[in-house]
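Being a predicted model, the structure only gives us computed values, none of them experimental.
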Amino acid sequence: MQQPPPPKTFKDTAEAVTALSVVITALLEKMDELQEIIVKLTNPNEKMEKLVPKVQEILGSKMMEYGFPPGLPGLFLGLNAFNAAIHGASAAEASQRAALENGKNMLSTAFMGQMPSKEQVTEILDALKASLA
């Protein structure tokens with residue numbers, strides 16, 4: 001019987017940082033659109049019905065660019081791959097590890113409908129880019 005393929009991972013910490021930067025940039029570019037949805041929400045159930053699918057659509061399309069499957073499975077596998085990169089980072093990659101962890105945590109909460117501010121997203125994006133310098 002053939003074994004299933006191993007889970008998708010990033011080749012190194014730098015690739016994970018780059019991928020997370022791309023995903024977070026997509027989120028930042030859609031913040032105004034997401035805020036319009038948030039303003040119209042009148043109860044918590046609407047968040048799950050209207051906001052979360054839109055966030056998942058935005059994030060999922062970018063994760064597909066890095067070889068993850070479409071939809072919710074790709075998002076979960078992507079978060080797992082970011083976790084693997086965080087835990088696999090060497091001591092010399094401490095700034096990348098910290099930036100990845102902060103970005104991944106923000107992405108996880110956004111994925112569940114708890115939207116960060118534009119300032120928070122920009123701050124995390126700047127930290128990710130600086131960690132590659």
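Judged as a side-chain contact (heavy atoms from CB on, under 4.5 Å), and not counting sequence neighbours, Glu36 has no contacts. Applying the side-chain contact (heavy atoms from CB on, under 4.5 Å) criterion to Glu57, with sequence neighbours excluded, gives Lys54. Every residue meeting the salt bridge (Lys or Arg N to Asp or Glu O under 4.0 Å) condition with Lys62, not counting sequence neighbours, appears here in chain and number order: Glu65.
Taking both residues in full, the closest heavy atoms of Ala110 and Leu27 are given as CB-CD2, 4.2 Å, listed atom of the first, atom of the second, then distance. In plain terms, the two heavy atoms of Pro69 and Pro73 that are nearest each other are CG-C, 4.4 Å. Of all non-hydrogen atoms in Pro116 and Val121, the two that sit nearest each other are CG-CG2, 3.5 Å. Arg97 and Ala89 get closest at one heavy-atom pair: NH1-O, 3.0 Å.
Of the inter-residue distances, the one linking Ile124 atom CD1 with Gln120 atom CD reads 7.0 Å to the nearest 0.5 angstrom. One finds the CE atom of Met106 at 9.5 Å from the OG atom of Ser117 (value rounded to the nearest 0.5 Å). Note that CD of Gln114 and CG of Leu51 are 10.5 Å apart. Values are rounded to the nearest 0.5 Å. With values rounded to the nearest 0.5 angstrom, Ile37 atom CD1 is found 9.0 Å from Lys50 atom NZ.
For the residue pair Thr13 / Gln96, no side-chain donor-acceptor distance below 3.5 Å is found, with atom types taken as modelled.
Here the side chain of Glu101 pairs no donor or acceptor atom with the backbone of Ala98 at under 3.5 angstrom. With hydrogens and angles disregarded, a donor-acceptor distance shorter than 3.5 Å links the side chain of Glu15 to the backbone of Lys11. No donor-acceptor distance shorter than 3.5 angstrom exists from the side chain of Lys104 to the backbone of Ile86, with no hydrogens or angles considered.
In summary, of the residues considered (Leu75, Leu79, Asn83), a side-chain contact (heavy atoms from CB on, under 4.5 Å) with Ser108 occurs for Leu79 alone.
Gln35 places none of its side-chain heavy atoms less than 4.5 Å from the side chain of Lys118.
Heavy atoms of other residues, nucleotides or ligands lying less than 6.0 angstrom from NZ of Lys30 number 12 at most. Residue Glu123 places its CD atom among 12 or fewer non-hydrogen atoms of other residues, nucleotides or ligands, all under 6.0 Å distant.
Applying the ring pair (Phe, Tyr, Trp, His ring centres under 6.0 Å) test to residues at least two apart or on different chains, the pairs with a partner in residues 7-41 are Phe10-Phe68, Phe10-Phe82.
Cluster annotation: Leu28 and Ile58 are assigned to the same hydrophobic cluster (Ile/Leu/Val/Met/Phe/Trp/Tyr, side-chain heavy-atom contacts under 4.5 Å, transitive).
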Show which side-chain atoms of residues 125-133 pair as donor or acceptor with protein atoms under 3.5 Å away, not counting sequence neighbours.
unit_1, atom_1, unit_2, atom_2, d
Ser131, OG, Leu128, O, 2.7

Show me the donor-acceptor pairs within less than 3.5 Å that the side chains of residues 17-25 make with the rest of the protein, sequence neighbours left out.
unit_1, atom_1, unit_2, atom_2, d
Thr18, OG1, Ala14, O, 2.9
Ser21, OG, Val17, O, 2.9
Thr25, OG1, Ser21, O, 2.7

